[in-house]
Undergrad: 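My questions all concern the structure below.
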Amino acid sequence: MNFEPPKAKEIKAAFPQFQEVLFLNAGGFKAVYKIVASGGPEAFKIVHIPEVSGVDPDVGKEIRKESLGRIAREIKILNNCKSPEIVKLGSIQPAPVVVDNREYIAYSEEYLDGNSLRELIRQSIKPAEEDIRSLFLSLLKAIREIWSFNIIHRDIKPDNVMMLNRKDRRYVVLDLGIAYSAVDTPLTFDASHRLPPGTYRYLAPEMLQPGFRESIDFRSDIYAAALTVYEYAAGQHPLAKNKDDLITTLSRIVRESPPSLKAFRPDLSSTIIRTVDQMLKKIPALRPSNINMLINQLEGKI
């Protein structure tokens with residue numbers, strides 16, 4: 001089912017208190033708008049609760065339950081996390097809304113003034129080591145905060161990282177819509193017959209193995225963070241190619257070792273190169289497991 005996000009004028013009609021509405025982007029079943037209300041600009045998000053037809057009613061109920069559960073989990077995580085490296089909730093509390101006869105859950109987050117890492121990569125601008133190090137630290141601090149609640153982000157990638165136009169808060173991680181809890185009851189319905197949710201280019205190899213949910217931890221996010229840093233620094237993904245089909249990409253993720261970042265950025269320090277290379281190991285046990293130590297190394301404290 002294709003998701004057609006509501007037009008800005010439809011959002012304005014449903015929420016007349018908004019002074020301005022500007023469509024920003026959409027993905028999956030979620031759309032984001034910049035809105036201006038009495039308190040200033042915010043990022044207004046609506047998540048479509050898909051209609052399920054042509055299946056057993058009980059299956060439809062489970063799929064709906066999963067969708068609502070993911071929204072509730074994301075809101076809970078954002079409420080708990082205080083790190084400046086993670087996006088904050090806005091003033092609009094989650095509530096059901098109907099737009100053009102479709103059911104959504106609507107809420108808001110802070111409006112972040114800047115560009116996504118994806119946009120910066122497309123501009124083919126070679127980032128300085130200072131910016132790469134700052135991104136690296138921001139991702140690690142976000143992962144540390146999220147994992148303190150036994151949560152794995154599961155979708156760290158350039159599209160979900162914003163570079164802000166401020167020095168005190170440079171990079172911010174977005175979108176915990178498919179976050180995974182290592183302690184709560186799993187949300188994915190009929191998980192054994194479905195590929196894991198996420199963006200396949202950034203999945204850690206272990207997430208493509210049967211029964212991965214029983215053993216994954218923050219090191220899957222560590223892997224995705226290293227891919228994101230690599231792509232930002234090198235201007236290209238180390239394994240996925242635009243011409244490849246899904247099977248080829250997944251095969252590379254599982255079987256091929258990425259070239260060292262040094263092949264593309266020999267000007268970077270050995271600390272950056274070594275840390276990225278270690279975090280991209282295929283086997284989780286071979287990746288660094290002490291986030292605080294990684295942060296201290298990148299900050300030059302050890």
Side-chain angles (χ1 to χ4, degrees), residues 1-53 60 63-82 84-123 153 155 157-166 169-179 187 197 199:
M1 173 183 171
N2 292 325
F3 170 57
E4 280 291 330
K7 295 179 173 56
K9 63 181 181 181
E10 295 174 324
I11 298 296
K12 184 72 170 62
F15 295 86
Q17 69 271 33
F18 295 167
Q19 299 164 18
E20 297 178 24
V21 179
L22 174 67
F23 173 78
L24 295 178
N25 56 61
F29 290 99
K30 183 182 297 183
V32 186
Y33 306 79
K34 178 184 178 182
I35 60 102
V36 177
S38 58
E42 293 192 38
F44 181 72
K45 307 183 94 170
I46 58 169
V47 185
H48 178 45
I49 308 302
E51 302 89 357
V52 182
S53 58
I63 294 174
R64 177 183 176 86
K65 180 181 176 181
E66 178 183 331
S67 298
L68 293 172
R70 294 203 181 283
I71 298 168
R73 175 172 288 173
E74 180 177 20
I75 297 299
K76 179 181 178 181
I77 296 168
L78 295 181
N79 266 321
N80 288 336
C81 289
K82 307 303 179 186
E85 289 81 18
I86 300 170
V87 67
K88 307 295 176 233
L89 289 172
S91 64
I92 301 172
Q93 298 299 308
V97 60
V98 176
V99 179
D100 192 27
N101 296 318
R102 286 185 169 185
E103 184 182 1
Y104 299 89
I105 300 294
Y107 62 97
S108 70
E109 294 174 352
E110 61 178 328
Y111 177 72
L112 298 171
D113 183 19
N115 296 292
S116 74
L117 221 57
R118 175 67 64 206
E119 293 169 325
L120 298 174
I121 292 169
R122 285 174 180 153
Q123 293 173 18
H153 187 290
D155 203 20
K157 58 184 180 181
D159 312 74
N160 286 339
V161 181
M162 289 287 291
M163 180 179 181
L164 306 189
N165 299 317
R166 47 190 289 186
R169 193 184 181 205
R170 195 62 168 160
Y171 297 94
V172 179
V173 174
L174 315 175
D175 200 347
L176 284 108
I178 59 170
L187 294 173
T199 306

Undergrad: What's the verdict on salt bridge (charged side-chain N to carboxylate O under 4.0 Å, His left out) for Glu110 and Arg169, showing C-alpha distance, side-chain angles and the deciding distance?
TA: CA-CA 13 Å; Glu110 61 178 328; Arg169 193 184 181 205; 2.7 Å; yes
Undergrad: Please give me the minimum heavy-atom distance between Arg166 and Arg170, naming the atom from each residue.
TA: O-CD, 3.5 Å
Undergrad: Could you tell me if the ring centre of Phe44 sits under 6.0 Å from that of Phe18?
TA: yes
Undergrad: Do you know the tightest heavy-atom contact between Val99 and Tyr104?
TA: O-CE1, 3.7 Å
Undergrad: When you check the gap from the basic side-chain N to the acidic O, do Glu74 and Lys30 get nearer than 4.0 Å?
TA: yes
Undergrad: Using only atom types and a distance under 3.5 Å, with no angle test, would you say the side chain of Lys88 pairs donor to acceptor with the backbone of Ile86?
TA: yes
Undergrad: Taking the six-membered ring of Tyr111 as reference, does the cationic atom of Lys34 (NZ for Lys, CZ for Arg) lie under 6.0 Å from its centre and within 45° of its axis?
TA: yes
Undergrad: Can you name the closest pair of heavy atoms from Leu112 and Met162 and give their distance?
TA: O-CE, 3.6 Å
Undergrad: CG/Asp159 to CG/Asp175 distance, rounded to the nearest 0.5 angstrom?
TA: 10.0 Å
Undergrad: Just how far is it from atom CD1 of Ile121 to atom OG of Ser116, taken to the nearest 0.5 Å?
TA: 8.0 Å
Undergrad: Kindly write out the residues that satisfy salt bridge (Lys or Arg N to Asp or Glu O under 4.0 Å) with Lys12, not counting sequence neighbours, or none if the list is empty.
TA: none
Undergrad: Between Asn160 and Asp155 (side chain of the first, backbone of the second, donor and acceptor by atom type, cut-off under 3.5 Å), is there such a pair?
TA: yes
Undergrad: What closest approach, in Å, do Met163 and Leu120 show between heavy atoms, and which atom pair accounts for it?
TA: SD-CD1, 3.2 Å
Undergrad: Measuring from atom CD of Gln17 to atom OG of Ser38, what distance do you get when rounded to the nearest 0.5 angstrom?
TA: 9.0 Å
Undergrad: Working to the nearest 0.5 Å, report the span between NZ of Lys45 and CG of Leu24.
TA: 10.5 Å
Undergrad: If you look at every heavy atom in Leu174 and His153, which pair is closest and at what distance?
TA: O-NE2, 2.9 Å
Undergrad: Hey, could you give me the CG/CD1 distance between Asn80 and Ile75, rounded to the nearest 0.5 Å?
TA: 11.5 Å
Undergrad: Could you go step by step and tell me if Tyr33 and Ile11 meet the side chain to side chain contact (heavy atoms under 4.5 Å, CB included) rule?
TA: CA-CA 9 Å; Tyr33 306 79; Ile11 298 296; 3.8 Å; yes
Undergrad: Hey, could you give me the OG/CD distance between Ser91 and Glu109, rounded to the nearest 0.5 Å?
TA: 12.0 Å
Undergrad: So which heavy atom on Val87 is nearest to which on Val172, and how close?
TA: N-CG1, 3.4 Å
Undergrad: List the steps, then state whether side chain to side chain contact (heavy atoms under 4.5 Å, CB included) holds for Leu89 with Tyr107.
TA: CA-CA 8 Å; Leu89 289 172; Tyr107 62 97; 4.3 Å; yes
Undergrad: When you look at Ile92 and Phe15, which way does the side chain to side chain contact (heavy atoms under 4.5 Å, CB included) test go after all the steps?
TA: CA-CA 11 Å; Ile92 301 172; Phe15 295 86; 5.7 Å; no
Undergrad: With side chain to side chain contact (heavy atoms under 4.5 Å, CB included) as the criterion, how do Leu176 and Leu78 come out once you've worked through the C-alpha distance, each side chain's angles and the decisive distance to 0.1 Å?
TA: CA-CA 8 Å; Leu176 284 108; Leu78 295 181; 3.6 Å; yes
Undergrad: For a side chain to side chain contact (heavy atoms under 4.5 Å, CB included) with Pro6, tell me which candidate from Val21, Val97, Ile46, Asp100 qualifies.
TA: Ile46
Undergrad: With a 4.5 Å cut-off on side-chain heavy atoms, are Ser67 and Phe29 touching?
TA: no
